[in-house]
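Here the structure is a predicted model, which means the values were calculated and not measured. Both backbone and side-chain heavy atoms feed into the values below; hydrogens, waters and symmetry mates do not.
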Amino acid sequence: RSNCKTCCEPIPKGSARCGMKAYSGGRTVTVWAHAICFLKAVRAEYATARRGKCKGSGVAFEPGDVRVSFDIAGHRTWWRPEEAARWTGRVVAAAAPEGAAQSLDQAAEALE
């Protein structure tokens with residue numbers, strides 16, 4: 001029943017998908033994305049101000065800290081690199097065919 005909010009294609013039953021809580025239409029909903037669409041949207045940048053906390057650990061960001069964004073359909077969360085690595089590693093492991101992925105780049109190639 002779910003559609004990928006990044007590419008707008010249906011997500012087949014039993015396939016790997018990533019969900020994120022988001023505020024939409026006046027309520028909190030879960031937005032879903034294919035694992036590969038989710039991984040393609042992961043970005044990293046330096047925090048420029050003392051705003052925000054890591055979604056995984058709750059630790060506040062300081063100026064100059066590296067932060068990783070997870071984005072599904074414009075709904076973005078910020079993570080510390082070590083927390084982001086834990087979750088992206090799980091996504092790669094769940095989405096890649098057995099024994100096919102040794103790195104994030106190889107996983108993306110295997111899923112395409």
Side-chain angles (χ1 to χ4, degrees):
R1 281 186 47 195
S2 60
N3 287 330
C4 176
K5 298 300 182 202
T6 303
C7 71
C8 300
E9 295 293 320
I11 301 173
K13 184 176 180 178
S15 68
R17 63 183 181 167
C18 298
M20 181 184 311
K21 298 285 184 193
Y23 188 75
S24 178
R27 60 193 172 111
T28 301
V29 297
T30 301
V31 291
W32 296 100
H34 292 107
I36 191 65
C37 294
F38 175 79
L39 292 172
K40 285 181 178 179
V42 173
R43 302 282 184 262
E45 67 177 38
Y46 291 103
T48 57
R50 293 186 64 190
R51 290 185 50 189
K53 294 180 182 179
C54 171
K55 187 74 171 176
S57 66
V59 177
F61 292 109
E62 296 291 330
D65 285 351
V66 174
R67 62 184 186 176
V68 178
S69 74
F70 292 169
D71 188 336
I72 298 176
H75 301 282
R76 183 175 294 165
T77 58
W78 297 104
W79 298 72
R80 292 195 160 283
E82 56 275 6
E83 291 292 324
R86 278 190 327 126
W87 289 103
T88 54
R90 289 180 182 179
V91 172
V92 169
E98 286 189 37
Q102 298 298 319
S103 71
L104 195 59
D105 292 333
Q106 290 172 338
E109 290 173 11
L111 291 170
E112 288 182 338

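- Looking at heavy atoms from C-beta onward, Arg80 lies in side-chain contact with Asp65 at the 4.5 angstrom threshold.
- Smallest separation of non-hydrogen atoms from Cys37 and Cys7: SG-SG, 3.9 Å.
- Taking every heavy atom of both residues into account, Ala33 and Ile11 meet most closely at C-CD1, 3.9 Å.
- Considering all non-hydrogen atoms of both residues, Pro10 and Asn3 come closest at CA-OD1, 3.2 Å.
- Only one option out of Leu39, Thr77, Val91 pairs with Phe70 in a side chain to side chain contact (heavy atoms under 4.5 Å, CB included); it is Thr77.
- Distance check, rounded to the nearest 0.5 Å: OG of Ser57 to CZ of Arg86 gives 9.0 Å.
- Cys18 SG to Phe38 CZ: the interatomic distance, rounded to the nearest 0.5 Å, is 5.0 Å.
- Hydrophobic clustering (side-chain heavy atoms under 4.5 Å, transitive across Ile, Leu, Val, Met, Phe, Trp, Tyr) keeps Val59 apart from Trp87.
- Transitive grouping of hydrophobic side chains (ILVMFWY, heavy atoms separated by less than 4.5 Å) keeps Val68 and Trp78 in distinct clusters.
- For the pair Gly58 and Lys53, the tightest heavy-atom approach, listed with the atom from each and the gap, is O-CD, 3.4 Å.
- Considering all non-hydrogen atoms of both residues, Ala47 and Glu62 come closest at CB-O, 3.6 Å.
- The distance from atom OG of Ser2 to atom NZ of Lys13, rounded to the nearest 0.5 Å, is 11.5 Å.
- Pairing each heavy atom of Lys40 with each of Arg43, the nearest pair is O-NH1, 2.8 Å.
- With rounding to the nearest 0.5 Å, the separation of OH in Tyr46 from CZ in Phe61 is 14.0 Å.
- Note: the hydrophobic cluster containing Val29 also contains Met20 (ILVMFWY, side chain heavy atoms under 4.5 Å, direct or indirect links).
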